[in-house]
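Proteins come first, then strands; the chains are lettered A, B, ... in the order of their sequence lines, and each starts at number 1.
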Amino acid sequence: MQLYLSQEIQLYNSISGKKEKFTPINEGYVGMYVCGPTVYSNVHLGNVRTFMSFDLVFRYLKHLGYKVRYVRNITDAGHLENDADEGEDRIAKKARLEQIEPMEVVQRYTVDFHTILDKFNFLPPSIEPTATGHIIEQIEIIKDILEKGYAYEINGSVYFDVIKYNEAHKYGTLSKRNVEDMIHNTRELDGQSDKKNPQDFALWKKAEPQHIMRWPSPWSDGFPGWHLECTAMSTKYLGEKFDIHGGGMDLKFPHHECEIAQAEACNGHSPVNYWMHANMLTLNGKKMAKSTGNNILPGELFTGNNSNLSKAYSANVVRFFILQAHYRSILDFSDDALLAAEKGYNRLMEALKTAKSLATSNTSSFDVENWKQSCYNAMNDDFNSPILIANLFEGVKLINLIKDGKESITQEDLDLLLSTMHNFLFDVLGLTSTSEGNQSTGNENALSGTVELLIKLRNEARADKNWALSDQIRDELLALGIQLKDGKDGTTFTVAS
RNA sequence: GGCAUCAUGGCCGAGCGGCUAGGCAGCGGUCUGCAAAACCGUCUACAGCGGUUCGAAUCCGCUUGAUGCCUCCA
């Protein structure tokens with residue numbers, strides 16, 4: 001029996017503003033689309049958090065036995081600097097500044113994106129389509145919208161007519177805005193825009209003569225509007241109606257609003273049942289901005305090479321830290337918070353090692369089955385990873401108390417405890433075991449042997465009560481980043497990472 | 001200025017009307033030759049002012065502040 005039959009997910013639907021029971025369109029199958037990055041610069045840490053939130057969703061749905069088709073696009077054309085105006089394509093701009101081809105920009109930052117996500121142990125999406133690979137599909141959608149009368153062509157460009165659309169449908173349901181307010185509050189200066197109204201958005205843009213990113217269309221040689229690619233690709237791979245659409249909060253308006261309008265103009269109905277939006281990341285209480293230096297690149301976390309960081313952090317620690325907050329809350333990134341997360345993470349992993357050598361009893365003094373369900377309950381409640389983690393720490397405490405002889409557990413319950421911890425930590429939260437993750441190299445074996453030797457010598461000195469020598473060994477190793485840990489069963493060591 | 005979201009203890013962060021969140025730090029223990037590490041135990045909350053209710057961190061109103069979008073930065 002699949003787990004999803006016994007676990008009911010409640011998820012927060014941005015469009016209704018409420019938690020709703022999750023029921024996929026086709027039982028056992030889930031279609032999920034998440035707006036991917038525009039590959040015009042190094043992936044933003046906030047982007048990492050957004051995609052990590054949906055990695056968590058993807059992993060949990062799979063864990064429950066759903067067959068999930070997860071589509072996450074790469075925007076490699078059409079994303080303008082300024083959506084409301086005659087902006088420049090972000091990728092084209094970067095290419096101009098760097099004096100390289102747009103596709104070189106795309107390639108460079110797509111590779112960066114994948115490299116960083118790999119380090120954080122993201123599962124690859126089922127399909128990762130690009131905007132430039134779906135120009136034909138986008139043109140077909142524009143034709144359809146034109147035929148339905150919700151778009152108009154001017155000077156080789158095609159714009160979506162928001163006012164007209166709003167007469168038959170409602171524009172702004174997701175972001176809870178109404179078109180009248182938007183018209184009254186438009187601050188935009190009246191530029192040389194071809195648009196009938198500032199709220200209209202581009203479906204197709206005629207390319208300037210020097211613009212290299214151009215494709216033929218019935219209207220002009222040009223390129224598609226940013227919002228259109230997501231409609232084209234989600235429809236192609238997931239259908240006119242699919243289960244979950246996700247993205248960062250900042251995409252709610254206008255991007256997702258435009259997607260709804262485009263799809264509804266074509267198909268007469270909303271494309272998505274559940275909208276999910278991941279919240280922002282701040283740094284030291286303020287928003288991240290490259291211009292003020294209040295910014296960390298994901299890669300800098302691994303080197304510690306940033307004035308906001310006191311040291312380097314492993315991808316696991318960062319992942320653990322991010323998942324300790326709920327995806328719908330603003331999360332504040334800081335060195336102190338990362339240090340705290342690192343200690344907590346280490347404690348969790350230590351307990352896992354401890355658990356392997358626990359003595360079992362004939363009876364259990366703890367209801368493991370009940371605890372396990374509370375882990376599921378946490379995730380079922382809108383993917384509440386912080387509560388899940390709190391539950392996992394209950395497991396840590398139990399393990400340590402059993403070790404101290406203050407609680408008891410049967411072999412059967414211990415197996416259940418361990419498999420549950422393992423499933424949630426590694427499969428659902430996507431952490432990797434430190435011991436499994438780091439393969440021992442020859443150097444590490446040599447180091448290990450050397451330290452073991454020093455431990456042996458130190459123990460001989462201690463047996464002779466030669467404290468000066470034993471403390472020298474201990475202290476000088478510590479200065480080198482090797483900490484000796486004297487326990488009841490002998491001395492172990494850890495190497496600072 | 002408009003729309004939206006939010007404000008929890010030294011720090012991070014759950015909480016969706018009554019019942020312990022959790023992590024880190026601190027404090028007290030266990031262990032130790034002394035330490036460190038590890039483990040156990042434990043204290044400090046609910047932005048302000050009103051209201052609803054037998055009862056509010058949790059619902060409503062106002063005030064203050066923050067964040068996102070509208071206006072380059074996810």
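Both distances falling under 3.5 Å, in either a Watson-Crick or a G-U wobble arrangement, place B:A7 opposite B:U64.
Among the nucleotides B:C73, B:A37, B:G13, the one closest to the side chain of A:Tyr40 is B:C73. Between B:G23, B:U67, B:A21, one nucleotide has an atom nearer to the side chain of A:Phe393 than all others, and that is B:G23. Looking at the side chain of A:Arg347, the nearest of the listed nucleotides B:G13, B:G23, B:C16 is B:G23. Closest to the side chain of A:Arg177, out of B:C40, B:G68, B:A14, is B:G68. Listed candidates were B:G33, B:C12, B:A21. Nearest to the side chain of A:Ile387 is B:A21. Closest to the A:Arg474 side chain, of the nucleotides B:C34, B:A36, B:G23, is B:C34. Ranking B:C40, B:A36, B:A21 by closeness to the A:Leu401 side chain, first place goes to B:C40. For A:His326, counting side-chain heavy atoms from C-beta on, the closest listed nucleotide (B:G23, B:A14, B:C40) is B:A14.
What separates CZ of A:Arg49 from C1' of B:U67 is a distance of 12 Å, to the nearest Å. For the pair A:Ile455 CD1 and B:A36 C1', the computed distance is 14 Å after rounding to whole Å.
Both cation-pi conditions hold for A:Arg328 and A:Tyr12: the charged atom is under 6.0 angstrom from the six-membered ring centre and inside a 45 degree cone around its axis.
A:Ser329 and A:Asn279 form no side-chain donor-acceptor contact under 3.5 Å, judged by distance and modelled atom types alone.
Judged by distance alone, with hydrogens and angles left aside, A:Arg90 brings no side-chain donor or acceptor close enough to the base of B:C72 to form a pair under 3.5 Å. Under 3.5 Å, the side chain of A:Asp486 and the base of B:G33 form no donor-acceptor pair of N or O atoms.
The aromatic ring centres of A:Tyr313 and A:Tyr345 sit 6.0 Å or more apart. In this structure, A:Phe333 has its ring center under 6.0 Å from that of A:Phe321.
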